[in-house]
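Hydrogens, waters and symmetry mates play no part in the numbers below; they use all other heavy atoms, side chains included. If you read the sequence from its start, that first residue is 1, and numbering goes on from there.
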Amino acid sequence: MYGISDTDIVEIDNKIDFQKEYIKKFVSNFEEEDKDFLKSVYSASLNPKKYFAEINNRVNTLVSNAKEKGYLPVFVTLTLPSYYHKKNDEGFLCVSPNESSRVLSHVWAKFLRLKVFEHLKKDYNESMQYFRVYEPHKSGVPHLHALLFLPAEYVLKVKDRFYSYFMDKKTWGKKKNSNDDIGSLNIAGLGFRYTWYKEKGGAVGYVMKYILKTFKDSKSKEIQHSVYWYVKNRVIRFLSSRSLVPLSVYRKVRYYFKNTFGINSLKEVTRLFKEGYINRYFNNTLITFSFYSSELDEYQEVIIWEKEVQLQIISKIASQNDFAYDLVQKRKHLKMKKNIIEFSNELIEKLVPITKLSDIKLIDKYIKLNNSPISSYDTNHFVLVHNELVKRNLINKNPLQFVYNDEF
């Protein structure tokens, strides 16, 4: 079933057990308490409870956002043309499930770039929100389920483009090294549903059962086999739109906000990220948080997370295969990195145009300039900042005129 043999199950179980035992060897001491690294791992195979809790959090946040805006849930199903279901003489799929899942991802990404979604973004000032799940047929070929959140006026527009796009042979391209078409899907290979009168739990409850089927269940041999299918073929179970804060950021900052401000909401962290309070610098090796300090009466920026400099140096050495990287060079790099972190705000201010600054950074810059002697900065730079604030309706003043030097 799902192209999984008894040998596959034994090998995968042994692999997972080995990984768990290896990770358990690493322990960190936090607040005078030893922490098992395995409990911190986000993995469907190694720590399924933590992984599922995170998925549930992302789904609930997307659903909450959609409800606030009055968007409707639309459930779609996308299968692959018959070409991807073919087997060779030995009974194995001609196209691997991993490659087939990549094809699904590719055509899905192209679908989201259609003009109907460009118009949606223009009308509502945001990209389409969704989450999707890959599930195997019993043959081992993947298909895609997705839950989209759409404004009511766009449901039928998207439905028309959904069927016309995926039933077009051009969407699926041609076979490798051949001029023959891969083929198109018939109506049975597609699904587009937007009414939920009889479903318990509605659209979300309906799609969550597909997500639950990707996790191990000792009572169901069928579900167990499907779980091994994800591991063997390296297929990602769950993906969502980029309308939420990236997981690479959220996982690093969530406990800071929980312990410092009592914020334990993906929705709130997403808002802080989108509004420019949370920032990433230097190729994502530094994450900071900007906030207003009532005590100091100014905006401050603190480092929430940074990649250990020593690890970066080791990584750089390995990537360059330069094992002659001596101690003096390491120390120079450490000193340079320290200086960069200490003066990150000044560097960013010089590199980022005024029009690209977030509201909070623009206000902070304005306050600093306003409280500084005129001789310490370029007057026209102050005019640029002032006028940008006026343009964004952040201050109730008239625009200023640029100062021109007669000598030029």
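In this structure the side chain of Tyr256 never reaches within 4.5 angstrom of the side chain of Trp305, judged on heavy atoms. With contacts defined as side-chain heavy-atom distances shorter than 4.5 Å, the pair Leu72/Tyr194 does not qualify. Leu150 is not listed as a side-chain neighbour of Tyr71, based on a closest heavy-atom distance of 4.5 Å or more.
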Salt bridge (charged side-chain N to carboxylate O under 4.0 Å, His left out) between Glu11 and Lys232: does it pass, once the steps are laid out? CA-CA 10 Å; Glu11 289 180 354; Lys232 178 183 177 181; over 6 Å; no

Starting from the C-alpha separation in whole Å, work towards a yes-or-no answer on ring pair (Phe, Tyr, Trp, His ring centres under 6.0 Å) for Phe166 and Phe162. CA-CA 6 Å; Phe166 287 115; Phe162 177 79; 5.2 Å; yes

Evaluate Glu275 against Arg271 for salt bridge (charged side-chain N to carboxylate O under 4.0 Å, His left out), listing each step before the verdict. CA-CA 6 Å; Glu275 293 182 5; Arg271 182 189 69 80; 2.9 Å; yes

Would you check, one step at a time, whether the test side chain to side chain donor-acceptor pair (under 3.5 Å) holds for Ser164 with Arg161? CA-CA 5 Å; Ser164 63; Arg161 290 301 289 123; 2.6 Å; yes

Quick one: do Thr260 and Tyr255 satisfy side chain to side chain donor-acceptor pair (under 3.5 Å)? Show the steps, please. CA-CA 8 Å; Thr260 309; Tyr255 289 109; over 6 Å; no

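No donor-acceptor distance shorter than 3.5 angstrom exists from the side chain of Asn56 to the backbone of Phe52, with no hydrogens or angles considered. A donor-acceptor pair is defined here as one N or O able to donate and one able to accept, closer than 3.5 Å; such a pair exists between the side chain of Arg193 and the backbone of Thr195. A distance-only check finds no donor-acceptor pair linking the side chain of Asp364 to the backbone of Lys361 [under 3.5 Å]. The backbone N or O of Lys170 lies less than 3.5 Å from a partner atom in the side chain of Asp168, making a donor-acceptor pair. Checking side-chain atoms of Thr171 against main-chain N and O of Tyr165 turns up a donor-acceptor pair under 3.5 Å. Although no hydrogens or angles enter the test, the distance criterion places no donor-acceptor pair under 3.5 Å between the side chain of Asn88 and the main chain of Cys94. Between the side chain of Lys86 and the backbone N or O of Ser82 there is no donor-acceptor pair closer than 3.5 Å. Asn279 contributes no side-chain N or O that, together with a main-chain N or O of Thr288, makes up a donor-acceptor pair within less than 3.5 Å. Tyr250 contributes no side-chain N or O that, together with a main-chain N or O of Leu244, makes up a donor-acceptor pair within less than 3.5 Å. Panel note: side chain Trp229, backbone Pro136; no donor-acceptor pair is recorded below 3.5 Å.
Ring geometry for Phe289 against Phe261 counts as perpendicular: the plane angle is over 60°, on a 0 to 90° scale with 30° as the lower cut. Taking the six-membered ring for Trp and thresholds of 30 and 60 degrees, Tyr366 and Phe382 have nearly parallel ring planes, at less than 30 degrees apart. The aromatic rings of Phe192 and Tyr163 are tilted relative to each other, their planes meeting at an angle between 30° and 60°. By the 30° and 60° cut-offs, the orientation of the rings of Tyr130 relative to Trp108 is perpendicular.
A distance of 9.5 Å separates CG of Leu148 from CZ of Phe131, quoted to the nearest 0.5 Å. Between the NZ atom in Lys274 and the OG atom in Ser358 there is a gap of 15.5 Å [rounded to 0.5 Å]. In this structure, NZ in Lys157 is found 9.0 Å from NE2 in His119, a value given to the nearest 0.5 Å. Atom CZ of residue Arg132 and atom CG of residue Leu144 lie 6.0 Å apart, to the nearest 0.5 angstrom. Between atom CG of residue Leu114 and atom CG of residue Leu120 there is a gap of 12.0 Å, rounded to the nearest 0.5 Å. A distance of 12.5 Å separates CG in Leu93 from CG in Asn98, rounded to the nearest 0.5 Å.
In this structure, a donor-acceptor pair under 3.5 Å is absent between the side chains of Ser241 and Gln129.
Among the candidates Arg237, Arg251, Lys49, the single residue satisfying the salt bridge (charged side-chain N to carboxylate O under 4.0 Å, His left out) test with Glu54 is Arg251. Checked against Arg392 for a side chain to side chain contact (heavy atoms under 4.5 Å, CB included), the options Val390, Leu394, Ile395 give a single hit: Leu394.
With sequence neighbours excluded, the residues forming a ring pair (Phe, Tyr, Trp, His ring centres under 6.0 Å) with His85 are His137, listed by chain and number.
Electrostatic pairing of Arg102 and Glu99 does not count as a salt bridge here, judged by no charged N lying under 4.0 Å from a carboxylate O.
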